[in-house]
There are 2 protein chains.
Amino acid sequence: MIRVLLADDQALVRGALAAMLNLEADLSVVAEVSQASEILGTARAVHPDVALIDVQMPGVDGLTAAAELHRLLPAIRIVICTTFGRPGYLARAMAAGASAFVVKDAPPAYLVDTIRRVHSGLRVVDPGLAAESLASGASTLTPRERDVLSAAATGATVGDIARQLHLSAGTVRNHLSAAIGKTGARTSAEAARIADSNGWL
Amino acid sequence: MIRVLLADDQALVRGALAAMLNLEADLSVVAEVSQASEILGTARAVHPDVALIDVQMPGVDGLTAAAELHRLLPAIRIVICTTFGRPGYLARAMAAGASAFVVKDAPPAYLVDTIRRVHSGLRVVDPGLAAESLASGASTLTPRERDVLSAAATGATVGDIARQLHLSAGTVRNHLSAAIGKTGARTSAEAARIADSNGWL
DNA sequence: CGAAGGGCATGACAAGTGTCATGGGGAAGC
DNA sequence: GCTTCCCCATGACACTTGTCATGCCCTTCG
């Protein structure tokens, strides 16, 4: 019996996934959490074989939590599950020690199959997404460029960002200009959109 | 036995929801579709009692499809289901003839309960979301303002938008300026973000 | 009909943004 | 120790954006 821990912030999706997985004779959902911060403690308590973790969660994101889980409890296999098949997410998931990466577009049988494979020690990655990930390449954004882009993505002006990050307006413009160049965008708003859609923020 | 039609673009979520609903003795998922454009034809073929429709779908969105379904097959009760509890979505869903509006944060039992209530002729709306919807009020954006904001949301510049909509740059600036005023934003990027988060686009 | 309001447009001004050149300080690597 | 790269900053310039006044055409509505 493969013991599964479910982490997803949307109760409806989480419950539905649990129902589906429990239909499989060799799978058992032994815990459900709605926040990334609860993953570690729950994992210590219930000793799951596999943790199915969503990327998008309030507070700490799933990838960060996955990295911590893998560092402290390496015996637990991690399957990262996400709505958005962003290349950057895949790269970060694998770097975090995940054994598999599943997009929510995939057929249900694929997820079940993935959990079984992962439990037997294999790594599972969607080939199409892997290709896209390699094609788009890793982000060349510097940490500071990420900071200003993240702020810009919320619609903040140069002045707002400068105040938020305690920088001069000129510096913010420089970082934004660099980010615009690297993303191939023509405005900071477009650069933020591109970086976000690649999972770089 | 309540016959349910499921419409959600994410195969994993769709399959999981189907598994969960089929566990209920009085519910039966009789059809699953992944695109809004397939809803009407499938509904005609299988005669469901209730249609559970996600807002976010590629191509035609769920709300538009729901309106059409309700117009042509008014006997079918419609439950709108969405990840984002945006006030505008609720308003548009009710205007489209939906009988219920469920956020994916809700507990699984709530969805099952909602389907039963809807089938018996009741309308079900999350009280918190209804309050928020009334508080934020309806969009006062004109159709043209929505157009330019939608384009701006993708990171397009004033010039880009002008070419896309076959307008002069000055006109685009006027519409954007009006939208900025109505949303209380300070830049077009922020206005687009606000309008989107309210479900006005 | 006449008024009101949305869509479209122009022109002009102030403010914000993108780019570039330039320079200082600090950390990492050969 | 020197180079390289990132971070931070300044200043200047061209360009884009946001605002406002003004006007015309059209549809809707009392």
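When the local axes at the two ends of the helix from dC1(C)-dG30(D) to dC30(C)-dG1(D) are compared, using 5 base pairs at each end, they differ in direction by 40° after rounding to 10°.
The pair Asp196(B)-Arg86(B) counts as a salt bridge, with a side-chain nitrogen and a carboxylate oxygen less than 4.0 angstrom apart. Salt bridge annotation for Arg163(B)-Asp160(B): present, with a cationic side-chain nitrogen under 4.0 angstrom from a carboxylate oxygen. Ionic pairing of Lys104(A) and Asp8(A) is present here: one or more N-O contacts between side-chain nitrogen and carboxylate oxygen are shorter than 4.0 angstrom.
For DNA chain D, the residues of residues 144-156 of chain A within the heavy-atom distance limit of 4.0 Å (strictly under) are Arg144(A), sorted by number. Shown for residues 171-190 of chain B: residues whose heavy atoms fall under 4.0 angstrom of DNA chain C, namely Thr171(B), Arg173(B), Asn174(B), His175(B). For the contact set between residues 161-170 of chain B and DNA chain D, defined by any heavy atom under 4.0 Å, there are no members.
Listed for the Asp113(B) side chain is no donor-acceptor partner under 3.5 Å among the backbone atoms of Ala109(B). Arg3(B) places a side-chain N or O within donor-acceptor distance of the main-chain N or O of Val46(B), the cut-off being under 3.5 Å. For Glu190(A) (side chain) and Arg186(A) (main-chain N/O), a donor-acceptor pair under 3.5 Å exists by modelled atom type. Under a 3.5 Å cut-off, the side chain of Asp105(B) and the backbone N or O of Ala11(A) do not form any donor-acceptor pair.
Scanning both residues, Val158(A) and Ala169(A), for their nearest heavy atoms gives CG1-O, 3.6 Å.
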Contact list (N/O, under 3.5 angstrom) for nucleotides 28-30 of chain D vs protein:
none

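Nucleotides of DNA chain C with any atom under 4.0 Å from a heavy atom of chain B span, from 5' to 3', dG6(C) to dA12(C).
Separating the CG atom of Leu141(A) from the C1' atom of dC5(D) is a distance of 15 Å, rounded to the nearest angstrom.
Val55(B) places a side-chain heavy atom less than 4.5 Å from the side chain of Ile80(B). Taking the side chain as every heavy atom from C-beta outward, Gln56(A) and Thr82(A) approach each other to under 4.5 Å.
By the 6.0 Å and 45° rule, Arg92(A) does not stack over the aromatic ring of Tyr89(A).
In this model, a donor atom of one side chain and an acceptor atom of the other lie less than 3.5 Å apart for Asp61(A) and Thr64(A).
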